[in-house]
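Below you'll find the structure, written out as structure tokens, and then a few comments.
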Amino acid sequence: LGSFTKHNLPLNEIIGTKKEIEIEDIDIDSKGSLWIATAFQGLYNYDPKTQKVKNFRYEKNNPESMISDNLWKILIDKDDNVWMASWGEGIGRIDSVSGQISRHKHNNADLRSIPNNLTTGIFQDEEGLIWVTTYDGVAFYQPDNPVESIRPIPGNKNSLSTDLVWSFEETAEAIWIGTTEGINRLDKKTDTIEKFYTGNESDDPEKFTALWTMVKAETEKLWIGAEFGLAQFDTKTNKLTYVYEMLNKETISDSDFEL
């Protein structure tokens with residue numbers, strides 16, 4: 001079994017408050033430092049070796065400051081750049097070499113900007129592309145290149161199932177996109193999208209289930225935090241099974257819970 005090491009972060013002491021700090025997401029860089037996204041206190045960088053903590057905050061009149069104090073997700077990319085998805089102010093990026101902070105926001109006059117400033121997730125694929133989930137579809141791009149977007153197309157059954165997108169995962173042949181209306185499979189070779197019905201068996205088969213988060217298992221199955229609880233999605237059979245359904249089976253194999 002794995003073990004946990006407890007670290008007491010003196011975040012409350014640093015910001016001079018006794019209020020609880022709401023941590024939304026955590027990632028770790030190649031040097032072992034933790035990057036902590038919070039709901040109201042911006043971004044923290046914590047070095048477990050030195051016990052030092054640095055806080056990055058939004059400053060109203062400083063365009064080179066943090067994108068927002070209200071952060072939702074964080075990603076450390078392959079080059080140790082730090083990406084933050086905010087709740088209403090787009091995304092920010094801290095350059096791992098210069099430390100400079102850049103901002104990426106929606107611009108109505110620019111079709112190549114991110115589609116919405118309400119950003120719910122951020123992800124880097126094997127090719128190095130950065131993907132951002134938003135309240136108005138998906139954006140993807142490489143740094144310094146134009147932003148491309150994926151949105152629902154009315155009447156097109158092979159387009160994104162909804163504007164409201166929350167999560168990503170990647171398998172050998174596809175990018176999997178979790179939305180409030182089920183899971184979408186984006187084929188890497190053809191760029192076509194296939195949608196899957198992922199509601200309870202008792203639900204109307206036309207009704208999708210909201211999917212909030214996804215984590216890939218070694219078997220290329222996806223563990224999913226869904227509207228009706230924890231579930232496993234088999235990317236080979238495209239079948240979703242809730243954990244309570246597994247527990248109700250007469251026999252359960254170890255592979256059912258493989259990580």
Side-chain angles (χ1 to χ4, degrees), residues 23-37 43-45 56 66-68 71-87 89-106 112-151 160 165-179 183-191 193 211-218 220-225 233 235 259:
I23 295 176
E24 297 292 350
D25 199 18
I26 297 176
D27 205 351
I28 185 169
D29 65 25
S30 63
K31 297 178 182 179
S33 292
L34 295 178
W35 293 84
I36 304 166
L43 179 70
Y44 288 91
N45 175 228
F56 298 81
M66 183 58 54
I67 185 73
S68 172
L71 304 179
W72 187 253
K73 291 291 183 180
I74 190 167
L75 165 75
I76 310 299
D77 70 18
K78 297 175 182 179
D79 297 318
D80 266 357
N81 299 306
V82 183
W83 297 80
M84 300 79 62
S86 75
W87 194 249
E89 297 295 335
I91 60 174
R93 174 181 178 269
I94 302 177
D95 187 276
S96 62
V97 177
S98 67
Q100 183 177 0
I101 299 176
S102 57
R103 301 177 177 184
H104 305 268
K105 302 184 71 171
H106 174 68
R112 292 297 184 90
S113 65
I114 63 173
N116 196 298
N117 286 330
L118 284 169
T119 54
T120 55
I122 193 162
F123 163 79
Q124 185 175 38
D125 68 18
E126 294 177 357
E127 299 297 323
L129 283 174
I130 299 294
W131 297 74
V132 180
T133 52
T134 81
Y135 258 42
D136 194 13
V138 174
F140 63 95
Y141 64 106
Q142 291 178 321
D144 303 321
N145 286 340
V147 175
E148 302 287 347
S149 297
I150 302 174
R151 292 185 173 97
L160 202 63
V165 186
W166 284 86
S167 56
F168 292 108
E169 258 302 346
E170 182 176 18
T171 54
E173 299 177 351
I175 300 293
W176 298 85
I177 304 170
T179 79
I183 188 168
N184 292 218
R185 180 187 185 276
L186 175 64
D187 190 281
K188 291 181 181 179
K189 292 183 179 179
T190 65
D191 288 333
I193 292 178
L211 305 180
W212 308 117
T213 187
M214 296 189 288
V215 176
K216 184 177 69 175
E218 292 183 4
E220 291 207 349
K221 293 181 180 178
L222 303 178
W223 283 101
I224 293 175
F233 183 83
T235 62
L259 297 176

Can you see whether Ser167 engages Thr213 through a side-chain donor-acceptor pair at a distance of less than 3.5 angstrom? no
Please examine the side chains of Ile28 and Trp35, heavy atoms only from C-beta on, and report whether any two atoms are closer than 4.5 Å. no
Using 0.5 Å steps for rounding, measure from the CD atom of Gln124 to the CZ atom of Phe168. 12.5 Å
Does any N or O in the side chain of Ser86 come within less than 3.5 Å of the main-chain N or O of Ser68, such that one atom is a donor and the other an acceptor? no
Apply side-chain contact (heavy atoms from CB on, under 4.5 Å) to the pair Val138 and Leu160, showing each step before the final yes or no. CA-CA 9 Å; Val138 174; Leu160 202 63; 4.2 Å; yes
Is there a donor in the side chain of Trp176 and an acceptor in the side chain of Thr171, or the other way round, less than 3.5 Å apart? yes
Should Leu222 and Ile183 be marked as a side-chain contact (heavy atoms from CB on, under 4.5 Å) after you check the CA-CA gap, both sets of side-chain angles, and the distance that decides it? CA-CA 11 Å; Leu222 303 178; Ile183 188 168; 3.9 Å; yes
Nearest atoms (heavy-atom pairs only) where Gly178 meets Met214: N-CE, 3.4 Å
Could you point out which residue of Asn45, Asp80, Asp27 forms a side chain to side chain contact (heavy atoms under 4.5 Å, CB included) with Ser33? Asn45
Residue pair Met84 / Leu43, side-chain heavy-atom distance below 4.5 Å: yes
Determine whether more than 12 heavy atoms belonging to other residues, nucleotides or ligands lie under 6.0 Å from atom NZ of Lys78. yes
Could you check if a side-chain atom of Ile175 sits within less than 4.5 angstrom of a side-chain atom of Asp125, using non-hydrogen atoms only? yes
Approximate separation, where rounding is to 0.5 Å, of Ser96 OG and Asn81 CG: 4.0 Å
Quick check against the 3.5 Å criterion: does Lys216 have a side-chain atom that pairs as donor or acceptor with the backbone of Glu170? yes
Tyr135 vs Trp166 aromatic rings, parallel, tilted or perpendicular, using cut-offs 30° and 60°? perpendicular
Value for CH2 (Trp212) from OG1 (Thr120), rounded to nearest 0.5 Å, stands at 9.5 Å
Distance, nearest 0.5 Å, that separates CD1 of Ile101 from CE of Met66: 4.5 Å
Kindly write out the residues that satisfy ring-ring contact (aromatic ring centres under 6.0 Å, His included) with Phe140, not counting sequence neighbours, or none if the list is empty. Trp131
Distance (rounded to the nearest 0.5 Å) between Leu75 CG and Ile130 CD1: 5.5 Å
Atom CD of Glu148: over 12 foreign heavy atoms under 6.0 Å: yes
For residues Asn117 and Lys105, report the shortest heavy-atom separation together with the two atoms involved. OD1-CA, 3.4 Å
Before accepting this row, confirm whether a basic side-chain N of the pair Arg103/Glu89 lies closer than 4.0 Å to the acidic partner's carboxylate O. no
Could you report the tightest heavy-atom contact between Pro115 and Thr134, atom names first, then the distance? CG-OG1, 3.6 Å
Heavy-atom distance under 4.5 Å between the side chains of Trp72 and Asp25, does that happen here? no
Please determine whether a side-chain nitrogen of the Lys or Arg among Lys73 and Glu24 lies less than 4.0 Å from a carboxylate oxygen of the Asp or Glu. no
Check His106 against Ile114 and note the closest heavy-atom contact, atom names and distance. ND1-O, 2.8 Å
Would a 4.5 Å heavy-atom cut-off, applied to side chains only, mark Arg93 and Ile67 as touching? no
We want to know whether Trp83 and Asp77 form a side-chain donor-acceptor pair, criterion being a heavy-atom distance below 3.5 angstrom. yes
Taking C-beta and beyond as the side chain, do Leu211 and Thr179 meet within less than 4.5 Å on heavy atoms? no
Thr133 and Ile122, any side-chain heavy atoms less than 4.5 Å apart: no
Spacing of Thr119 atom OG1 and His104 atom NE2 [to the nearest 0.5 Å]: 11.5 Å
Any side-chain heavy-atom pair of Ile23 and Ile26 under 4.5 Å: yes
One thing to verify: whether Glu127 and Lys188 come together as a salt bridge, which I'm taking to mean a side-chain N less than 4.0 angstrom from a carboxylate O. no
